[in-house]
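Quantities reported herein were computed from a predicted structural model and do not represent experimental measurements.
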Amino acid sequence: MNFWHMQLHPNNKDEVNRDEVIKILTDKKIIGLGAQWENDRGQPQKFSKEINIGDIVLIRSDGPLALVKVTGKCNENDKDDVWFELIRKIEVISLEGDLFKKQFKEQFKSNWNDSLYLPTTIEGANNSTFIKFWYQTVKNKKLMEDSIKLLKYKNQIILQGPPGTGKTRQAKLIAEELTKPRTVGNPESIIDDLVKNFNPNDEAIKTSRESKDKLLSTFYELFPKENLKKLTLQTYCAGKGDRDNFCWWIERGLKPLGYYFPGNARAYLIFWKKELEDYSKHGIVKDIEDNDEAMKKVAELISEVVQTKNTNNAVQYFGDSFLLKLLNSYYPDEYFPINSERMIDNALKIFRVDYQGLNVFEKNQKLNQVYLDKKKQLNIQLTSYEFGKLLWENFNLKTGENIIDNNDAVASGEYEIIQFHPAYSYEDFVRGIVAETTESGNVSYQVENKILADFAQKATDNPNGNYVLIIDEINRANLPSVLGELIYALEYRNETVTSMYEYEGEREIALPKNLFIIGTMNTADRSVGHIDYAIRRRFAFVDILPDENVIQNPTAKNLFNEIKSLFGNEFLSPDFKAKDVMIGHSYFIVKDEDELKIKLEFEIKPILREYLKDGIFLETANDKIEILNV
């Protein structure tokens with residue numbers, strides 16, 4: 001590919017008419033000139049014979065106007081809608097000449113035409129830093145836009161190419177672009193629109209409501225409010241693995257009606273501790289020796305809260321979230337199904353409600369009133385849980401990060417990079433067992449979420465933010481073994497799959513739609529396994545190939561082209577394609593020739609010799625490799 005610059009005349013008299021030139025480029029998609037003229041200095045011959053398909057041409061018209069790519073051979077013009085006698089079809093790359101002229105001046109402290117010979121209509125411009133800067137910037141921008149568009153469609157892509165093409169760097173650039181803060185709109189308006197579009201007659205909504213009503217009815221049958229004083233150690237305490245006790249229902253059984261997690265079983269004041277083979281008591285019942293008496297005290301406190309809705313006494317011994325879970329379970333019309341004070345505060349911020357001076361129970365009822373007002377104002381039949389779901393599925397209520405900034409919601413995410421290797425496993429990537437030392441000095445084994453499950457939870461908690469996991473050298477691990485059941489979850493986002501390990505009482509894992517995965521893969525590395533078809537179809541593949549145009553040093557560029565000749569039919573094994581193994585441009589990006597010499601001897605030649613040993617090169621390449629020099 002070569003670079004050129006050309007003055008395009010909209011007619012054979014006027015030299016400058018930028019609007020007409022743009023119209024010719026965009027409407028007719030051609031460039032052209034006369035077949036001959038007095039003192040033409042061979043310009044028509046250059047246009048017809050020296051410019052090749054794929055070459056890049058800077059179009060001048062009172063300064064830099066456009067950058068185009070030649071897509072067709074030279075033909076005689078047989079139409080009379082433009083005066084050109086010779087024409088070539090083109091693709092417009094950019095019409096932002098003035099913008100790039102300014103940017104180039106600021107970055108390089110040079111004029112756009114410093115290395116260009118302008119008196120003629122058309123000239124070669126392979127030495128033009130400006131044209132290369134413009135072309136490379138637009139090219140990188142398009143690669144970025146295409147990659148992000150593909151990533152949003154597929155959710156996971158693999159950047160593949162030979163070594164040294166900048167795959168990992170490109171992955172980081174994509175991740176940085178996706179995760180940077182962005183304004184998503186006014187929070188209350190967003191919720192209002194969601195409520196207006198909510199369809200209570202949707203079959204999935206109806207099924208969900210029936211399921212939740214049935215769940216609550218079962219709970220009431222097992223634990224009617226009038227019988228809470230009669231709770232026993234067997235019917236109340238968690239810790240024995242059964243799923244019919246009161247604490248299990250509050251924490252797990254009623255989770256579909258509002259999340260509550262105690263953090264520690266001590267929050268229940270009394271629970272079965274397997275290591276002790278006895279009940280563990282805390283807080284107000286810690287010093288009560290008789291377990292049944294301790295349980296009686298706990299039952300009285302719980303019954304008082306549920307019967308009277310008065311938390312003044314119980315709040316001294318139980319956590320606020322536990323008490324809120326009790327209240328919104330037994331009084332779902334009066335208390336909102338969010339149990340965390342921080343999340344309640346952030347939800348109230350969305351609606352700009354002043355909650356200063358209120359306790360957590362008053363804040364909760366304030367939020368419930370917001371729900372009731374919205375339901376009436378917008379005339380939509382939705383439950384408090386459905387309204388809450390709109391809140392936590394569209395805003396990060398856990399942290400409240402940037403929920404309100406000048407009345408607009410600002411979404412931001414994060415990215416992480418990890419590297420796979422042959423020993424990498426499911427237990428390293430998704431979920432696994434770790435050993436911990438207990439207070440008594442014994443070793444206990446706990447299930448722990450690893451990077452993928454942990455990152456998926458972060459993305460779930462912050463639905464407006466984008467989360468990107470970069471997996472460098474993705475094909476170096478045994479992917480079916482590492483991903484396990486998550487192979488399904490990659491394709492079917494937000495659908496749960498069952499993990500082989502139970503974490504916090506659950507085996508289900510889901511990958512949200514705002515979690516993106518970018519893998520990088522060295523196509524020259526035959527020492528690792530290929531990606532099988534089941535996994536391959538769940539990823540989109542983007543080629544990141546060697547690019548001579550980013551190499552600025554002339555000596556380095558000459559060396560690049562000399563090495564490029566090794567990857568032709570004369571030296572390359574027919575079992576390999578040049579685009580899979582040709583070493584990339586990053587080996588040739590140097591400050592000076594001294595650095596290039598070091599790279600040649602200690603980076604470039606060693607990999608070429610390895611190619612020879614692995615059968616990528618034929619034996620005829622050996623002498624050519626050894627005589628390479630700077």
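Qualifying salt bridge (charged side-chain N to carboxylate O under 4.0 Å, His left out) partners for K102, counting only residues two or more places apart in sequence or in other chains: none. Residues passing the ring pair (Phe, Tyr, Trp, His ring centres under 6.0 Å) test with F588, sequence neighbours excluded: F560. Every side-chain hydrogen bond (donor to acceptor under 3.5 Å, both in side chains) that D428 has, sequence neighbours left out, goes to S425. Remark: F539 engages no residue in a ring pair (Phe, Tyr, Trp, His ring centres under 6.0 Å) (not counting sequence neighbours).
With values rounded to the nearest 0.5 angstrom, L452 atom CG is found 7.5 Å from I509 atom CD1. Taken to the nearest 0.5 Å, the NZ atom of K597 stands 12.5 Å off from the CZ atom of F602. For the atom pair CD1 of I56 and NZ of K139, the computed distance is 9.0 Å after rounding to the nearest 0.5 Å. If you take CG on N494 and OG1 on T460, they are separated by 7.0 Å, rounding to the nearest 0.5 Å. Here CD1 of I604 is found 7.5 Å from NZ of K599. Values are rounded to the nearest 0.5 Å. Taken to the nearest 0.5 Å, the CD1 atom of I517 stands 10.0 Å off from the CZ atom of F455.
For N346 (side chain) and L397 (main-chain N/O), a donor-acceptor pair under 3.5 Å exists by modelled atom type. For N77 (side chain) and V82 (main-chain N/O), a donor-acceptor pair under 3.5 Å exists by modelled atom type. Side-chain N or O atoms of N475 include none that pairs as donor or acceptor with a backbone N or O of M521 at under 3.5 Å. No donor-acceptor pair under 3.5 Å is formed between the side chain of R538 and the backbone N or O of Q156. R476 places no side-chain N or O within donor-acceptor distance of the main-chain N or O of P422, the cut-off being under 3.5 Å. A donor-acceptor pair is defined here as one N or O able to donate and one able to accept, closer than 3.5 Å; such a pair exists between the side chain of E85 and the backbone of A35. Distance alone, capped at 3.5 Å, places no donor-acceptor pair between the D575 side chain and the I616 backbone. In this structure a side-chain-to-backbone donor-acceptor pair under 3.5 Å is present from R88 to F47. Checked by atom type and distance alone, the side chain of D461 never pairs as donor or acceptor with a backbone atom of N396 at under 3.5 Å. No donor-acceptor pair under 3.5 Å is formed between the side chain of N449 and the backbone N or O of D454.
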> Where do Q136 and D547 land on the side chain to side chain donor-acceptor pair (under 3.5 Å) test, with the steps shown first?
Replying inline: CA-CA 10 Å; Q136 203 62 43; D547 186 356; 3.0 Å; yes
> What do the steps show when you test K109 against D114 for salt bridge (Lys or Arg N to Asp or Glu O under 4.0 Å), and what is the final call?
Replying inline: CA-CA 11 Å; K109 312 301 180 190; D114 279 353; over 6 Å; no
> Hey, mind stepping through N186 and S189 against side chain to side chain donor-acceptor pair (under 3.5 Å) and telling me if it holds?
Replying inline: CA-CA 5 Å; N186 177 272; S189 297; 3.2 Å; yes
>> side chain to side chain donor-acceptor pair (under 3.5 Å), that's the test. Do N155 and K513 meet it? Break it down for me.
In response: CA-CA 7 Å; N155 269 106; K513 290 183 178 179; over 6 Å; no
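At a threshold of 4.0 Å, the pair E610-K613 counts as salt-bridged, since one of the basic side-chain nitrogens sits closer than that to a carboxylate oxygen. Ionic pairing of E50 and K46 is not present here: no N-O contact between side-chain nitrogen and carboxylate oxygen is shorter than 4.0 angstrom. Under the 4.0 Å criterion applied to side-chain N and carboxylate O atoms, K29 and E91 are not assigned as salt-bridge partners.
In this pair, F130 and F133 present their aromatic rings tilted. The plane angle is within the 30 to 60° band. Using cut-offs of 30° and 60° on the angle between ring planes, the pair F100 and W134 is parallel.
With a 6.0 Å radius and a threshold of 12 heavy atoms from other residues, nucleotides or ligands, R493 has its CZ atom above the threshold. Counting non-hydrogen atoms of other residues, nucleotides and ligands closer than 6.0 Å to NZ of K69 gives a total of 12 or fewer. For N75, the CG atom counts as densely surrounded, since its 6.0 Å shell holds more than 12 non-hydrogen atoms of other residues, nucleotides or ligands. Annotation: K154, atom NZ; neighbour count of heavy atoms from other residues, nucleotides and ligands within 6.0 Å is above 12. More than 12 non-hydrogen atoms from other residues, nucleotides or ligands lie less than 6.0 angstrom from NZ of K605. Applying the 6.0 Å contact sphere to CG of N569 captures no more than 12 heavy atoms from other residues, nucleotides or ligands.
The residue from I51, L25, I87 that alone fulfils the side chain to side chain contact (heavy atoms under 4.5 Å, CB included) condition with I31 is L25.
Here the side chains of N558 and E562 are not in contact, with every heavy-atom distance at 4.5 Å or above. Between I59 and I90 there is no side-chain heavy-atom pair separated by less than 4.5 Å. The shortest side-chain heavy-atom distance between H585 and E548 does not fall under the 4.5 Å cut-off. Put simply, the side chain of L612 does not reach to within 4.5 Å of the side chain of L608, judged on heavy atoms. Inter-residue side-chain proximity for S128 and F3 is flagged as unmet; no heavy-atom pair is nearer than 4.5 Å.
A centroid separation of 6.0 Å or more is found between the aromatic rings of Y467 and Y415. Less than 6.0 angstrom separates the ring centroid of Y611 from the ring centroid of F617. For Y492 and Y488, the gap between ring centers is short of 6.0 Å.
Closest approach of T555 to E593, counting heavy atoms only: OG1-OE2, 2.7 Å. Contact between F429 and L483 at its shortest, heavy atoms only, is CE2-CD2, 3.7 Å. The heavy-atom pair separating L618 from E570 by the smallest distance is CD1-O, 3.8 Å. Shown here for T620 and F571, the closest heavy-atom pair between the two residues is O-CE2, 3.4 Å. Closest approach of L67 to L58, counting heavy atoms only: CD1-CA, 3.9 Å. Taking every heavy atom of both residues into account, V21 and S61 meet most closely at CG2-OG, 4.0 Å.
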List the atom pairs, with distances to 0.1 Å, where a side-chain N or O of residues 157-168 and a protein N or O form a donor-acceptor pair under 3.5 Å, not counting sequence neighbours.
from, atom 1, to, atom 2, distance (Å)
Q160, NE2, D543, OD1, 2.9
T165, OG1, P162, O, 3.3
T165, OG1, K167, NZ, 3.4
T165, OG1, I544, O, 3.0
K167, NZ, G161, O, 3.3
K167, NZ, P162, O, 2.7
T168, OG1, D472, OD1, 2.8

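For the residue pair E473/N522, the side-chain donor-acceptor check at 3.5 Å is not satisfied. For the residue pair H5 and R60, a side-chain donor N or O sits within less than 3.5 Å of a side-chain acceptor on the partner.
With F541 as the aromatic partner, R536 meets the cation-pi criteria of under 6.0 angstrom to the ring centre and within 45 degrees of the ring axis.
Listed by first and then second residue, the side chain to side chain donor-acceptor pair (under 3.5 Å) pairs involving residues 34-44 are R41-Y117 (not counting sequence neighbours).
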